[in-house]
Amino acid sequence: LYKEVGSRMVLVLLVGDFHVPFRAAGVPPKFKDLFSSGRIGSVICTGNLCTKEMHDFLKTVANDVHITRGDFDENQTFPEHKVIKIEDFKIGVCHGHQVVPWGDRESLAMLQRKLDVDILVTGHTHKFEAFEFEDKLFVNPGSVSGAYSGLNGDVTPTFVLMDIQKNEITPYVYHWIDGDLKIEQMRVYKKGGKGSSEV
């Protein structure tokens, strides 16, 4: 299920909004199988792991794990936001409950400019979304467990896997729908916004 694209490929897993065990029983087993492939180089988590067990689980997926604090996280040491450099990209991470209105593009763009990043990864809405705005890429990986939110009671479990090669990213979104795994390849995003499009 992972496409081999040259030797410089870096696979980055984007996940968030677990809410296990409070709003969801767990991560779909098929997702866990994919996470344990040994091929994922970095994990970026938007937060709301909620328990130490979920944090420990992410540390088994990759050695390089980055987590920001969600509004339901018991671990108060997670930062509000974080900036990570992978290949040629600066990636900003924030849970997203701090961005008002939630999921608003203009508000997200303000945070992106404040962090001075090429890609902004946020969560909180529990709904996958990816779009380009002002030549920057914005990704919300959704809820990996399908946990319900205050905005939506029927949530499809999703995560995003980014194949990063120097100055290009090919994102893939994984959906767990009615017991079936659906994988959607998004358009390639190049640094500076050339070649990317809304999904």
* Can you name the ring-ring contact (aromatic ring centres under 6.0 Å, His included) partners of Phe89, sequence neighbours left out? -> none
For [X], enumerate each residue passing the side-chain hydrogen bond (donor to acceptor under 3.5 Å, both in side chains) test, keeping only those at least two apart in sequence or located in another chain.
{"X": "Thr122", "answer": "none"}
{"X": "Ser149", "answer": "none"}
{"X": "Asn75", "answer": "Thr77"}
{"X": "Asp118", "answer": "Lys191"}

* To do: Please test Val121 against Thr46 for side chain to side chain contact (heavy atoms under 4.5 Å, CB included), starting from the C-alpha separation and ending with a verdict.
  => CA-CA 7 Å; Val121 180; Thr46 61; 3.7 Å; yes
Any non-hydrogen side-chain atom of [X] less than 4.5 Å from a side-chain atom of [Y]?
{"X": "Leu58", "Y": "Phe18", "result": "yes"}
{"X": "Val61", "Y": "Val15", "result": "no"}
{"X": "Val83", "Y": "Asp116", "result": "no"}

Measure across [X] and [Y] and return the closest heavy-atom pair with its distance rounded to 0.1 Å.
{"X": "Val144", "Y": "Pro28", "result": "O-CD, 3.3 Å"}
{"X": "Gly26", "Y": "Ser145", "result": "O-CB, 3.5 Å"}
{"X": "Asp17", "Y": "Ser143", "result": "O-OG, 2.7 Å"}
{"X": "Ala147", "Y": "His19", "result": "CB-CB, 3.7 Å"}
{"X": "Gln185", "Y": "Thr170", "result": "NE2-CG2, 3.6 Å"}

* Begin from the C-alpha positions of Asp163 and Leu11 and carry the test side chain to side chain contact (heavy atoms under 4.5 Å, CB included) through to its verdict. => CA-CA 5 Å; Asp163 167 6; Leu11 287 176; 4.1 Å; yes
Residues that [X] engages under side chain to side chain contact (heavy atoms under 4.5 Å, CB included), provided they are two or more places apart:
{"X": "Lys82", "result": "His66, Thr68, Pro79, Ile84"}
{"X": "Lys85", "result": "Lys90"}
{"X": "Glu74", "result": "Lys52"}
{"X": "Gln98", "result": "Glu80, Cys94, His95"}

* Would Leu181 and Leu34 satisfy side chain to side chain contact (heavy atoms under 4.5 Å, CB included), going step by step from the backbone distance to the final call? -> CA-CA 11 Å; Leu181 180 67; Leu34 293 170; 3.9 Å; yes
[X]: salt bridge (Lys or Arg N to Asp or Glu O under 4.0 Å) partners, not counting sequence neighbours:
{"X": "Glu53", "result": "none"}
{"X": "Asp104", "result": "none"}
{"X": "Lys182", "result": "none"}

* Taking the six-membered ring for Trp, are Phe159 and Tyr174 parallel (under 30°), tilted (30 to 60°) or perpendicular (over 60°)? -> parallel
* Specify whether Phe57 and Phe35 have parallel, tilted or perpendicular ring planes, treating 30° as the upper limit for parallel and 60° as the lower limit for perpendicular. => tilted
* Taking it one step at a time, do Lys136 and Leu120 satisfy side chain to side chain contact (heavy atoms under 4.5 Å, CB included)? -> CA-CA 8 Å; Lys136 305 299 179 185; Leu120 182 66; over 6 Å; no
* Structure fact -> When His126, Lys127, Arg23 are each screened for side-chain contact (heavy atoms from CB on, under 4.5 Å) with Val155, the one that passes is His126
Nearest-0.5 Å distance that lies between atom [atom1] in [X] and atom [atom2] in [Y]:
{"X": "Ile169", "Y": "Tyr189", "atom1": "CD1", "atom2": "OH", "value": "7.5 Å"}
{"X": "Leu13", "Y": "Phe31", "atom1": "CG", "atom2": "CZ", "value": "10.0 Å"}
{"X": "Leu108", "Y": "Arg113", "atom1": "CG", "atom2": "CZ", "value": "10.5 Å"}
{"X": "His97", "Y": "Thr125", "atom1": "NE2", "atom2": "OG1", "value": "13.5 Å"}
{"X": "Gln112", "Y": "Glu134", "atom1": "CD", "atom2": "CD", "value": "7.0 Å"}
{"X": "Ile119", "Y": "Ile164", "atom1": "CD1", "atom2": "CD1", "value": "6.0 Å"}

SB check [X] [Y] (cutoff 4.0 Å):
{"X": "Lys190", "Y": "Glu168", "result": "yes"}
{"X": "Glu132", "Y": "Arg187", "result": "no"}
{"X": "Asp56", "Y": "Lys59", "result": "yes"}

Do [X] and [Y] sit in one hydrophobic cluster, given that two such residues count as connected whenever their side-chain heavy atoms are within less than 4.5 Å of each other, even indirectly?
{"X": "Ile177", "Y": "Met186", "answer": "no"}
{"X": "Trp176", "Y": "Tyr148", "answer": "no"}
{"X": "Val99", "Y": "Met110", "answer": "no"}
{"X": "Phe72", "Y": "Ile67", "answer": "no"}

* Asked: Any luck finding a side-chain donor-acceptor pair between Ser42 and Asp64 under 3.5 Å?
  -> yes
Could you tell me whether a side-chain N or O of [X] sits under 3.5 Å from a main-chain N or O of [Y], the two making a donor and an acceptor?
{"X": "Glu87", "Y": "Asn167", "answer": "no"}
{"X": "Thr158", "Y": "Pro141", "answer": "yes"}
{"X": "Asp73", "Y": "Leu49", "answer": "yes"}
{"X": "Asn140", "Y": "Glu129", "answer": "no"}

